[in-house]
Amino acid sequence: MKKFSLLLMFSLLLFTSCKKDSVDATTTQTLQSSINDMASSLTTIKQIKFNEALYILKTFGVEAEGDVNELKALGQLINGKKVPEILSLADQVAQQNGIEWASTAPPSLGEMNIFGDDKAKESDPNDVRASSLSILTQLSGDTGNGPTAMQIVPRLVDNSGNPIAFTGAGLETTLEVFSNGVKLSTAKNLMQDNNFKGFNLKFSSLLASKIVDNKIDITVSVKTTAKTFKMSKIGLDVNPSALKVPEVPKTDSTMIVQDPNAVSDPSNPTPPTTGTDPATTTPVAPKQPTADPKNTVNKFLSNVSSQNLKAAFDSSSNPSWGSYESFSNPTSGFGAIKNVSVKNVTTNASNANSSSVNATYDVTDKNGRTTSLKATFGLKNVNGEWKISSYKINP
């Protein structure tokens with residue numbers, strides 16, 4: 001009997017020692033098993049807060065579509081972490097997303113289960129009884145150039161369209177923004193009662209090139225235990241001047257850089273001699289370019305427009321543009337340009353060694369945004385050829 005008791009005690013100790021105190025995300029099964037092990041060592045209140053933290057992380061801490069993918073992403077996020085680390089991470093995610101939740105606060109989201117148990121419980125605060133969903137929209141942030149944002153507030157309503165009263169819920173609420181059928185953005189939040197502040201959609205988060213006719217469509221969904229309510233609003237106006245516009249590739253704005261041998265008097269183009277004995281050294285004039293400097297600028301713009309960037313780079317000698325890799329960068333260089341439409345190119349000033357050319361043209365980037373530019377190109381004589389040595393965008 002004594003041996004049996006010792007054996008039983010040893011088995012219990014072995015079972016206890018096998019419980020995991022950190023997340024094992026090897027599979028969905030090990031994820032659930034390890035989370036259950038971790039929760040079993042907590043008090044009832046701590047278990048509820050732990051489950052709320054996991055729900056916050058699964059809903060707002062990862063980018064994935066569908067419950068299965070969200071669970072996999074959550075597992076990667078918290079793999080190897082212990083309860084305090086998970087609670088701390090959930091605090092950070094809640095703060096970043098403007099959610100009124102804290103791991104140290106009393107339970108506030110009901111009985112959350114990240115593994116999909118959506119059955120209504122006897123006192124389930126997420127089992128909110130409503131007839132439909134309404135959406136209120138209001139433009140905001142006008143600083144003199146039109147509104148900069150849109151406040152979008154969903155409300156759960158009864159048969160008469162009146163907001164219903166509830167508290168202590170954690171209803172997953174999703175906002176999707178479209179234009180001409182193309183999804184532009186998705187945002188999530190938790191509706192804890194019908195005083196939910198909703199979503200503040202900043203127009204600066206929307207690419208101007210993706211907005212058709214300066215209008216957007218929105219869809220909001222609210223998930224209760226028994227049902228998901230959804231409503232859309234079509235053709236909402238946005239302020240085009242507040243939309244996000246990609247910056248035109250930046251280049252240097254320095255004035256024309258004169259060649260060291262350039263003369264200051266156009267009427268006397270011959271540079272000073274470099275020999276030590278003027279009596280025996282014959283002054284050598286630089287080779288004169290035969291082409292008009294504006295031809296070089298025309299060819300440069302044409303090569304940029306056709307994405308023949310190597311030829312465009314070879315027609316320049318501008319240290320501010322750096323290497324060819326920097327010059328042709330598809331994000332910050334001339335590689336971001338899709339098309340150039342030249343309106344006018346004129347030679348402003350010229351002598352044997354340097355020249356200034358003004359150009360007016362439209363630049364269309366790869367997002368379809370067109371910008372009108374007035375630029376001054378500085379050129380220098382390099383062995384009888386005009387090379388672009390500086391570039392300035394004018395007001």
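Both backbone and side-chain heavy atoms feed into the values below; hydrogens, waters and symmetry mates do not.
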query: Who pairs with Lys338 by salt bridge (charged side-chain N to carboxylate O under 4.0 Å, His left out), at least two apart in sequence or on another chain?
result: none
query: Does Lys387 reach the main-chain N or O of Leu379 with its side chain, forming a donor-acceptor pair under 3.5 Å?
result: no
task: Look only at the side chain of Ser88 and the backbone of Pro84, and say whether a donor-acceptor pair between them is shorter than 3.5 Å.
output: no
- prompt: Is there any salt bridge (Lys or Arg N to Asp or Glu O under 4.0 Å) pair reaching into residues 291-312, and which pairs are they, with sequence neighbours excluded?
  reply: Lys310-Asp314
task: Determine, stepwise, if the pair Phe300 / Phe313 fulfils ring pair (Phe, Tyr, Trp, His ring centres under 6.0 Å).
output: CA-CA 8 Å; Phe300 173 83; Phe313 183 73; 9.7 Å; no
task: Please report the closest heavy-atom contact between Val304 and Leu309, naming both atoms and the distance.
output: CA-CD2, 4.1 Å
- prompt: Is it true that a side-chain atom of Ser33 and a backbone atom of Gln29 form a donor plus acceptor pair closer than 3.5 Å?
  reply: no
query: Got a sec, which residues hit side chain to side chain donor-acceptor pair (under 3.5 Å) with Asn162, two or more places apart in sequence or on another chain?
result: none
- line: Hits for salt bridge (charged side-chain N to carboxylate O under 4.0 Å, His left out) against Asp24, two or more places apart or cross-chain, chain-then-number order -> Lys20
- line: In Lys223, Lys230, Lys188, the residue satisfying side-chain contact (heavy atoms from CB on, under 4.5 Å) with Thr174 is Lys188
Report all side-chain donor-acceptor pairs from residues 165-172 shorter than 3.5 Å, counting only partners two or more places apart or in another chain.
{"residue": "Glu172", "atom": "OE1", "partner": "Tyr55", "partner atom": "OH", "Å": "3.3"}

Non-hydrogen atoms of Lys202 and Ala149 that approach each other most closely: CA-CB, 4.0 Å
field: Partners meeting side chain to side chain donor-acceptor pair (under 3.5 Å) with Asp142 (sequence neighbours left out)
entry: none
field: Residues in side chain to side chain donor-acceptor pair (under 3.5 Å) contact with Ser241, at least two apart in sequence or another chain
entry: Asn239
- line: Residues at least two apart in sequence or cross-chain that pass salt bridge (charged side-chain N to carboxylate O under 4.0 Å, His left out) with Lys183, listed by chain then number, are Glu176
field: Any donor-acceptor N or O pair under 3.5 Å, side chains Thr370, Asp362
entry: no
query: Are Leu373 and Ile388 in one and the same hydrophobic cluster, where Ile, Leu, Val, Met, Phe, Trp and Tyr link if side-chain heavy atoms are under 4.5 Å apart?
result: yes
field: Common cluster, Ile152/Leu136, ILVMFWY with side-chain heavy-atom separation under 4.5 Å
entry: no
task: Let me see the working for Ile216 and Ile211 under side chain to side chain contact (heavy atoms under 4.5 Å, CB included), right down to the final yes or no.
output: CA-CA 7 Å; Ile216 60 171; Ile211 306 296; 3.8 Å; yes
query: So Trp321 and Tyr391, would you call those rings parallel, tilted or perpendicular, with 30° and 60° as cut-offs?
result: tilted
- request: Report yes or no: does Ser34 contribute a side-chain atom to a donor-acceptor pair with the main-chain N or O of Leu31 at less than 3.5 Å?
  value: yes
statement: Interatomic distance, CG@Leu77 vs CD@Glu63, rounded to 0.5 Å, equals 11.5 Å
- prompt: Does atom NZ of Lys215 have more than 12 heavy-atom neighbours from other groups under 6.0 Å away?
  reply: yes
query: Once you round to the nearest 0.5 Å, how far does CG of Asn339 lie from CD of Gln307?
result: 9.5 Å
For Pro293 against Ser355, the heavy-atom pair lying closest together: CG-OG, 3.2 Å
task: Please identify each residue that fulfils salt bridge (charged side-chain N to carboxylate O under 4.0 Å, His left out) with Lys82, with sequence neighbours left out.
output: Asp21
statement: One should read off an interatomic distance between Leu156 CG and Thr224 OG1, to the nearest 0.5 angstrom, of 7.5 Å
message: To the nearest 0.5 Å, what is the distance between CG on Leu175 and CG on Asn200?
response: 10.5 Å
Pairs where residues 155-167 contributes a residue and the test salt bridge (Lys or Arg N to Asp or Glu O under 4.0 Å) is met, not counting sequence neighbours: none
- prompt: If you look at every heavy atom in Ala242 and Thr148, which pair is closest and at what distance?
  reply: CB-CA, 4.1 Å
- prompt: Any luck finding a side-chain donor-acceptor pair between Ser389 and Asn318 under 3.5 Å?
  reply: no
message: A quick test of your reading: do over 12 heavy atoms of other residues, nucleotides or ligands sit less than 6.0 Å from CG of Asn159?
response: no
- request: With sequence neighbours left out, write down each residue that passes side-chain contact (heavy atoms from CB on, under 4.5 Å) with Thr173, or none if nothing qualifies.
  value: Pro154, Met191, Phe196, Phe199, Val220, Val222
- request: May I ask you to check whether Thr376 and Asn394 show a side-chain donor-acceptor distance below 3.5 Å?
  value: yes
- prompt: Can you name the residues that form a side chain to side chain donor-acceptor pair (under 3.5 Å) with Ser209, not counting sequence neighbours?
  reply: none
field: Spacing of Met38 atom CE and Lys81 atom NZ [to the nearest 0.5 Å]
entry: 10.5 Å
field: Side chain to side chain, Lys72 and Val68, heavy atoms closer than 4.5 Å
entry: yes
- prompt: Do you see a donor-acceptor pair shorter than 3.5 Å between the side chains of Asn126 and Thr225?
  reply: no
query: Checking Lys374 side chain against Ile393 main chain: does a donor-acceptor pair fall under 3.5 Å?
result: no
- request: For side chain to side chain contact (heavy atoms under 4.5 Å, CB included), just list the numbers for Leu54 and Ile78, CA-CA rounded to whole Å, side-chain angles, deciding distance to a tenth of an Å, and then say yes or no.
  value: CA-CA 9 Å; Leu54 292 170; Ile78 63 175; 3.8 Å; yes
message: Checking the side chain of Ser305 only, and the main-chain atoms of Val340 only, is there a donor and an acceptor separated by less than 3.5 Å?
response: yes
- request: Decide if atom CD of Gln95 counts as having more than 12 heavy atoms of other residues, nucleotides or ligands within a radius under 6.0 Å.
  value: no
field: Backbone of Ser179 reached by a side-chain donor or acceptor of Asp217 within 3.5 Å
entry: no
message: Using the rule that Ile, Leu, Val, Met, Phe, Trp and Tyr join whenever any side-chain heavy atoms are under 4.5 Å apart, tell me whether Val83 and Leu89 fall into a single cluster.
response: yes
field: side chain to side chain contact (heavy atoms under 4.5 Å, CB included) between Ile56 and Leu190, intermediate numbers included
entry: CA-CA 9 Å; Ile56 292 287; Leu190 288 179; 3.6 Å; yes
statement: Taking every heavy atom of Ser140 against every heavy atom of Met150, the minimum-distance pair comes out as OG-N, 4.4 Å
field: Gln47 (side chain) donor-acceptor with Ala39 (main chain) under 3.5 angstrom
entry: yes
query: Would you say Leu201 and Leu207 are hydrophobically clustered, going by side-chain heavy atoms of ILVMFWY under 4.5 Å?
result: no
message: Using the rule that Ile, Leu, Val, Met, Phe, Trp and Tyr join whenever any side-chain heavy atoms are under 4.5 Å apart, tell me whether Met231 and Val157 fall into a single cluster.
response: no
statement: Closest non-hydrogen atoms of Phe203 and Asp237, given as atom of the first, atom of the second and distance, are CZ-O, 4.4 Å
- prompt: So with a 6.0 Å cut-off around CG of Asn295, is the heavy-atom count from everything else above 12?
  reply: yes
- prompt: Rounded to the nearest 0.5 Å, how far apart are OG1 of Thr27 and CD of Gln32?
  reply: 10.0 Å
- prompt: Is it true that a side-chain atom of Asp365 and a backbone atom of Ile337 form a donor plus acceptor pair closer than 3.5 Å?
  reply: no
